[in-house]
Colleague: 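Right, I'll just put the structure down here and ask away after.
In what follows, chains carry the letters A, B, and so on, assigned in the order in which the sequence lines appear, proteins first and then strands, with residues in each chain numbered from 1. Because the structure is predicted, anything quoted here is derived from the model rather than measured.
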Amino acid sequence: MRGEWTLVWNELRHGLATALAAAGIDAGDRLAKVELAIPRERSHGDWTTNLAMILAKAAKQPPRAVADAIAKHFPLEGTPFSAVEVAGPGFLNFRYRDTFVAALPVRILSEGGAYGRSDAGAGEKVLVEFVSANPTGPMNIVSARAAAVGSSLVRLLDMAGFASASEFYVNDAGNQVDLLGESMAARFAEHIGESRPFPEEGYRGEYVRTLAAELPDAEARAALARPDGARWFRDQALVRMIEWQKRDLAAYGVTFDRWFLESVLHPGAVDKTREQLIERGVTYRAEKPEGVTEAAEARVGANEGAAGGSGIALWLRATQFGDSMDRVITRSDGRPTYLLPDIAYHLDKRTRGFRTAINLWGPDHHAYITTLTAGLKALGLEEDFLHVLIVQQVNLLRDGQAVKMSKRAGEFDTLTDLIDEVGADCAKFFFLMRSTTSHLDFDLALAKKQNDENPAFYVQYAHARICSVIAKGAELGLAAATGEPTELTDAAETSLVRQLATWPEVVRGAAQAREPHRIPTFLVETAAEFHRFYHACRVADPAQPALSRHRLRLCAAAAQVLRNGLALMGVSAPERLERSEEGLA
RNA sequence: GCGCCCGUAGCUCAACUGGAUAGAGCGUCAGCCUCCGGAGCUGAAGGUUACAGGUUCGACCCCUGUCGGGCGCACCA
């Protein structure tokens with residue numbers, strides 16, 4: 001091993017490169033993309049690769065012949081592997097040395113919270129933007145899923161060697177905020193017994209009334225009397241709303257490196273972006289988009305009312321960059337559409353040095369991916385700069401029955417409601433458990449159960465159980481072994497160590513695929529692996545002190561891995577779980 | 001009408017970017033504590049991966065079509 005934070009993955013890659021060179025096989029750039037995996041089937045070894053099968057065609061040799069050549073030249077010396085075998089149609093299967101396995105618990109404990117960390121991301125700067133809800137109401141359930149996934153992804157990327165940061169984009173410059181201000185002014189007027197018309201599309205939620213009543217009385221009265229007083233109400237509403245959202249998220253354990261206000265882009269950055277697009281010749285002025293089909297034209301006609309005015313607008317030639325149609329970036333009245341500041345914002349991200357922007361969006365925005373991507377390509381940004389993860393909707397259930405999520409006061413709808421009902425740990429575990437592309441059925445009754453139906457408790461229980469057995473060992477005067485490698489005497493022990501050995505690879509894979517759900521999946525498997533071991537092997541046995549000390553250390557290593565995984569999820573790892581009344585059912 | 005996402009065991013979901021015999025939990029059935037937390041463990045049953053073609057050594061994964069479910073569709077964000 002070349003030292004900590006080096007992946008077995010890297011060792012394999014180097015070994016394969018050496019073997020290919022020695023065997024005289026030209027892999028081209030294939031090696032960079034080849035699959036190195038941990039096989040599901042343990043009898044297939046600890047690592048496997050399909051490299052030989054990939055190269056067979058170009059090498060004009062049967063896959064097994066290529067595999068044999070690679071196996072023959074693979075330099076095992078100094079690697080974690082003792083053997084490489086050719087199997088099946090041409091797989092190369094690698095097996096860990098016993099000494100590597102025996103040394104692993106020592107290594108896990110010495111690396112501690114850093115076990116699993118790697119340099120796979122090579123320090124690439126990645127900005128993860130998520131939630132970014134309009135500052136016009138409290139955090140809701142949809143945001144709760146995005147917050148759990150986004151914050152976990154940031155930690156995951158960091159652990160895999162990316163330079164990651166989190167950001168919340170605040171739409172504080174649009175109509176919606178003006179409407180909020182107007183709504184607030186009207187509610188304040190109502191509060192002091194005056195009348196002021198409530199805006200047509202205003203925010204009718206009870207929370208606006210609450211916030212209005214908290215405004216400083218004298219200042220608010222003065223603003224109400226001024227002709228431009230709506231602006232004061234807007235600014236007040238904005239500040240209070242953002243603080244509220246920050247509080248809600250903080251209670252959930254989610255914070256952001258930066259809250260980016262859209263308003264800072266106006267007018268400078270927005271104008272500059274428009275000029276750049278014009279200079280690049282990717283815009284035109286027209287009443288209608290160029291090259292629309294008759295069918296599309298008919299639809300425009302049908303939507304004229306909703307579409308707004310007719311007149312000369314500035315269009316982006318989005319179709320040249322993969323979009324299905326051209327898009328307006330400046331309305332006929334001169335105001336920019338949402339697209340232009342969005343482009344300006346992402347240009348700003350790129351200018352700050354981020355090589356990748358990962359955005360978490362709701363399913364209602366998926367069509368916008370091609371539009372924004374087209375806008376960024378039109379500016380000359382890398383095609384793969386923007387990476388959008390669609391976080392699918394959440395269906396709340398209670399004992400199998402759908403829970404209505406309504407904006408109206410009193411109904412179950414907010415993040416705070418959710419935390420109050422099931423707790424932040426459990427909510428996050430459930431949100432992270434599924435891939436973001438899956439619709440998620442969230443059963444409140446299930447999440448509240450503290451029993452075996454609940455995977456969040458299954459993992460936390462494994463951790464608590466380990467802490468308990470370590471405490472038991474201490475009672476008996478048995479401490480975890482230090483220094484010397486672990487003696488593995490039982491198949492269940494070896495199986496557990498091998499599971500723990502995969503952790504750095506799981507972190508790397510999950511980070512590069514941007515799939516945080518692999519973490520809870522791994523933790524559930526690890527917990528199961530631990531329980532199996534615990535069932536098969538007595539850990540704290542005064543009659544066998546030497547063996548006990550080795551097993552206690554293995555337990556401590558397992559606890560460390562569980563803690564590291566739960567930490568990535570933002571879920572706590574309690575040392576004790578108290579039985580609740582419901583849990584006894 | 002067009003576009004995107006989804007469809008895997010009775011239910012909720014995995015399957016490591018195209019790999020070896022598609023796996024977990026719940027539910028059902030049958031077992032396991034003189035022992036460290038039974039909130040646990042072991043086993044059984046349960047599948048034409050919606051359907052029909054195609055691509056190749058190999059497909060839940062890629063391509064085409066069909067059927068279902070969700071979402072979006074033009075100077076709202």
Colleague: For nucleotides B/rG70 and B/rU64, find the distance between their C1' atoms and express it as a whole number of Å.
Modeller: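 Those two atoms are separated by 23 Å.
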Colleague: Check the phosphate of B/rC16 against A/Arg40, side-chain N and O only, distance under 4.0 Å to OP1 or OP2. Yes or no?
Modeller: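 No, outside the criterion.
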Colleague: Need one value for A/Leu440: base, sugar-phosphate or nothing, where a base atom within 4.0 Å counts as base even if backbone is also close, heavy atoms only.
Modeller: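 Sugar-phosphate contact only.
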Colleague: Taking atom C1' of B/rC36 as reference, at what distance in whole Å does atom CG of A/Leu547 sit?
Modeller: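 Between C1' of B/rC36 and CG of A/Leu547: 13 Å.
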Colleague: Using a cut-off of 4.0 Å on non-hydrogen atoms, how would the nucleic acid contact of A/Met433 be classed: base, sugar-phosphate, or nothing?
Modeller: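 Touches nothing.
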Colleague: How far does the P atom of B/rA74 sit from the matching atom of B/rG58, given to the nearest Å?
Modeller: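 Taking atom P in both B/rA74 and B/rG58, they lie 46 Å apart.
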Colleague: Could you give me the CA-CA distance, side-chain angles and deciding distance for A/Glu129 and A/Phe168, then say whether side chain to side chain contact (heavy atoms under 4.5 Å, CB included) is met?
Modeller: CA-CA 6 Å; A/Glu129 182 210 322; A/Phe168 187 121; over 6 Å; no
Colleague: Checking one value: the base orientation of B/rC13, syn if chi is within 90 degrees of 0, otherwise anti.
Modeller: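 Glycosidic conformation of B/rC13: anti.
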Colleague: Should the pair A/Phe260 and A/Tyr169 be assigned to parallel (<30°), tilted (30 to 60°) or perpendicular (>60°) ring geometry?
Modeller: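 Tilted, since the angle between the ring planes falls between 30° and 60°.
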Colleague: To the nearest Å, how far apart are A/Ile369 CD1 and B/rG3 C1'?
Modeller: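 Atom CD1 in A/Ile369 sits about 12 Å away from atom C1' in B/rG3.
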Colleague: Look at the side chain of A/Ala87 and decide which nucleotide, out of B/rG37, B/rC41, B/rA20, has an atom nearest to it.
Modeller: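 So the side chain of A/Ala87 is nearest to B/rA20.
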Colleague: Between A/His463 and A/Phe530, is the gap from one ring center to the other below 6.0 Å?
Modeller: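 They do not qualify: ring centres at least 6.0 Å apart.
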Colleague: Quick one: A/Gln392 CD to B/rC71 C1', roughly how many Å, whole number?
Modeller: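 After rounding, the gap between these two atoms is 8 Å.
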Colleague: Please work out which of the three classes, parallel, tilted or perpendicular, describes the rings of A/Phe431 and A/Phe442, given edges at 30° and 60°.
Modeller: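 Geometry flag for A/Phe431 against A/Phe442: tilted rings.
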Colleague: Please state whether the phosphate of B/rG3, meaning OP1 or OP2, lies under 4.0 angstrom from any side-chain nitrogen or oxygen of A/Tyr368.
Modeller: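 No.
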Colleague: Distance check needed: B/rC76 P versus A/Leu340 CG, whole Å only.
Modeller: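 These atoms are roughly 14 Å apart.
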Colleague: Which residue is it: A/Gln499, A/His517, A/Glu505? I am looking for the one with a side chain to side chain contact (heavy atoms under 4.5 Å, CB included) to A/Phe522.
Modeller: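 The side chain to side chain contact (heavy atoms under 4.5 Å, CB included) with A/Phe522 is passed solely by A/Gln499 among A/Gln499, A/His517, A/Glu505.
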Colleague: Start with the C-alpha distance between A/Arg274 and A/Thr330, add both sets of side-chain angles, then the distance that settles side chain to side chain contact (heavy atoms under 4.5 Å, CB included), and finish with yes or no.
Modeller: CA-CA 9 Å; A/Arg274 176 172 36 225; A/Thr330 305; 2.9 Å; yes
Colleague: So, is A/His517 close to the B/rA15 phosphate, meaning a side-chain N or O under 4.0 Å from OP1 or OP2?
Modeller: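 Yes, because at least one side-chain N or O of A/His517 sits under 4.0 Å from OP1 or OP2 of B/rA15.
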Colleague: Does A/Arg327 come within less than 4.0 Å of A/Asp323, counting only side-chain N to carboxylate O?
Modeller: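 Here A/Arg327 pairs with A/Asp323 in a salt bridge, since their nearest N and O are under 4.0 Å apart.
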Colleague: Please give the distance between the P atoms of B/rC4 and B/rC41 as a whole number of Å.
Modeller: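 Nearest-Å result for B/rC4 against B/rC41 at atom P: 44 Å.
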Colleague: Going from NE2 on A/His365 to CG on A/Leu360, what distance comes out if it is rounded to the nearest 0.5 angstrom?
Modeller: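 It is 13.0 Å, given to the nearest 0.5 Å.
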Colleague: By the 4.0 Å heavy-atom rule, please label A/Asn134 as base, sugar-phosphate, or nothing.
Modeller: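 Answer is sugar-phosphate: A/Asn134 comes under 4.0 Å of backbone atoms only.
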Colleague: Base, sugar-phosphate, or nothing: which does A/Cys467 touch, judged by heavy atoms less than 4.0 Å apart?
Modeller: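 No contact.
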Colleague: Take atom P in B/rC63 and the same atom in B/rG19, then report the distance between them in whole Å.
Modeller: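 My reading of the P atoms in B/rC63 and B/rG19 gives 15 Å.
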Colleague: Would you tell me if any nitrogen or oxygen in the side chain of A/Ser435 comes within less than 4.0 Å of OP1 or OP2 on B/rA14?
Modeller: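 Yes, within the criterion.
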Colleague: Under 4.0 angstrom, heavy atoms only, what part of the nucleic acid is A/His531 near: base, sugar-phosphate, or nothing?
Modeller: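 A/His531: backbone/sugar contact only, no base atoms under 4.0 Å.
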Colleague: Taking the side chain of A/Met325 as its heavy atoms from C-beta onward, which of B/rA74, B/rU12, B/rC41 lies nearest to it?
Modeller: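 Looking only at side-chain atoms, A/Met325 lies closest to B/rA74.
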Colleague: From C-beta outward on A/Phe91, which listed nucleotide comes closest to its side chain: B/rA77, B/rC73, B/rA20?
Modeller: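 Taking heavy atoms from C-beta onward, the closest nucleotide is B/rA20.
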Colleague: Would you measure the distance from the C1' atom in B/rA45 across to the matching atom in B/rG10 and give it in whole Å?
Modeller: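 Per the computed distance, 12 Å lies between those C1' atoms.
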Colleague: Indicate whether A/His44 forms a stack on B/rA20; treat it as stacked only if centroid distance is below 5.5 angstrom and interplanar angle below 30 degrees.
Modeller: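 One would call A/His44 stacked on the B/rA20 base.
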Colleague: Using a distance-only criterion (donor-acceptor N/O pair, under 3.5 Å, no hydrogens), is the base of B/rC75 paired with the side chain of A/Thr337?
Modeller: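 Result: no qualifying N/O pair found.
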Colleague: Quick check: any donor-acceptor pair below 3.5 Å linking the side-chain of A/Thr521 to the base of B/rA24?
Modeller: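 When only heavy-atom distances are counted, A/Thr521 does not reach the base of B/rA24 through any donor-acceptor pair under 3.5 Å.
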Colleague: State plainly whether the residues A/Arg234 and A/Asp178 are in salt-bridge range, i.e. N to O under 4.0 Å.
Modeller: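 So A/Arg234 pairs with A/Asp178 through a salt bridge.
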Colleague: Has A/Tyr534 got its ring stacked on the base of B/rC41, with centres under 5.5 Å and planes less than 30° apart?
Modeller: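 No, aromatic ring not over the base.
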Colleague: Both A/Asp364 and A/Leu36 contact RNA chain B. Which one's nearest nucleotide lies toward the 5' end?
Modeller: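 Its nearest nucleotide lies further toward 5', so the answer is A/Leu36.
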Colleague: For RNA chain B, which residues in residues 498-513 of chain A have a heavy atom at a distance below 4.0 Å?
Modeller: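 Per residue number, the list reads A/Gln512, A/Ala513.
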Colleague: So, under a plain 3.5 Å distance rule, would you say the side chain of A/His366 forms a donor-acceptor pair with the base of B/rC71?
Modeller: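 Checked by distance alone, the answer is yes.
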Colleague: Tell me, which stems hold RNA chain B, with a stem being 3 or more Watson-Crick or G-U pairs in a row and both distances under 3.5 Å?
Modeller: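 Looking at RNA chain B, the stems formed by three or more consecutive pairs are B:1-7 with B:67-73, B:10-13 with B:23-26, B:28-32 with B:40-44, B:50-54 with B:62-66.
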Colleague: Return the stacking result for B/rG40 and A/Tyr461: yes when the ring centres lie under 5.5 Å apart and the planes under 30°, no otherwise.
Modeller: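 The base of B/rG40 is not stacked with A/Tyr461 (the test needs centres under 5.5 Å and planes under 30°).
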Colleague: Judged by each residue's nearest nucleotide on RNA chain B, which is more toward the 5′ side, A/Glu515 or A/Glu575?
Modeller: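 That would be A/Glu515.
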Colleague: Pick base, sugar-phosphate or nothing for A/Thr370, based on heavy-atom distances below 4.0 Å to the nucleic acid.
Modeller: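 It contacts nothing in the nucleic acid.
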Colleague: For A/Leu180, which of A/Leu238, A/Asp172, A/Thr136 qualifies under side chain to side chain contact (heavy atoms under 4.5 Å, CB included)?
Modeller: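 It is A/Thr136; the other options fail the test.
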Colleague: So, does A/Ser324 get its side chain near the phosphate of B/rA74, meaning an N or O under 4.0 Å from OP1 or OP2?
Modeller: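 Negative; the distance criterion is not met.
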Colleague: When you compare B/rU17 with B/rA77, how far apart are their C1' atoms, in angstrom units rounded to a whole number?
Modeller: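 Result for the C1' pair: 33 Å, nearest Å.
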Colleague: Just checking A/Asn93: base, sugar-phosphate only, or nothing, at a heavy-atom cut-off of under 4.0 Å?
Modeller: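 Base, at least one base heavy atom under 4.0 Å.
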Colleague: Would you please confirm or rule out a distance under 4.0 Å between OP1 or OP2 of B/rG37 and any side-chain N or O of A/Arg576?
Modeller: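 For A/Arg576, the contact criterion (side-chain N or O under 4.0 Å from OP1 or OP2 of B/rG37) is not met.
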Colleague: Could you give the distance separating B/rC61 and B/rU56 at their C1' atoms, to the nearest angstrom?
Modeller: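 Result for the C1' pair: 14 Å, nearest Å.
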Colleague: Quick check for you: among B/rG40, B/rA77, B/rG19, whose closest atom lies nearest to any side-chain atom of A/His535?
Modeller: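 When the side chain of A/His535 is considered, B/rG40 is the closest of B/rG40, B/rA77, B/rG19.
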Colleague: With sugar-phosphate meaning primed atoms plus P, OP1 and OP2, does A/Arg434 contact a base, only sugar-phosphate, or nothing at under 4.0 Å between heavy atoms?
Modeller: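 Counting heavy atoms under 4.0 Å across all strands, the contact made by A/Arg434 includes a base.
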Colleague: Looking across every strand, which nucleic acid part, if any, lies under 4.0 Å from A/Arg538 by heavy atom: base, sugar-phosphate, or nothing?
Modeller: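 Base, at least one base heavy atom under 4.0 Å.
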Colleague: Considering every strand and a 4.0 Å limit on heavy-atom distances, what is the contact class for A/Asn50: base, sugar-phosphate, or nothing?
Modeller: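 Result for A/Asn50 = base.
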Colleague: Give me syn or anti for B/rU17, where syn covers glycosidic angles within 90 degrees of 0.
Modeller: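 B/rU17: syn glycosidic orientation.
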Colleague: Considering only side-chain heavy atoms of A/Gln393, which listed nucleotide, B/rC75, B/rC36, B/rG70, is closest?
Modeller: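 Of all the options, the side chain of A/Gln393 is nearest to B/rG70.
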Colleague: Please confirm whether the ring centroid of A/Tyr368 lies under 6.0 Å from the ring centroid of A/Tyr338.
Modeller: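 A/Tyr368 vs A/Tyr338: aromatic centres under 6.0 Å.
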Colleague: Write down the distance separating the C1' atoms in B/rC51 and B/rG69, rounded off to the nearest Å.
Modeller: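 Between the two C1' atoms, the distance is 16 Å.
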Colleague: Under 4.0 Å from OP1 or OP2 of B/rA77: is there any side-chain N or O of A/Arg331 that close?
Modeller: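 For B/rA77, OP1/OP2 do have a side-chain N/O of A/Arg331 under 4.0 Å.
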Colleague: Do A/Asp333 and A/Arg331 meet the salt-bridge criterion of a basic N to acidic O distance under 4.0 Å?
Modeller: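 Looking at A/Asp333 together with A/Arg331, the answer is no, because their closest N to O distance does not fall below 4.0 Å.
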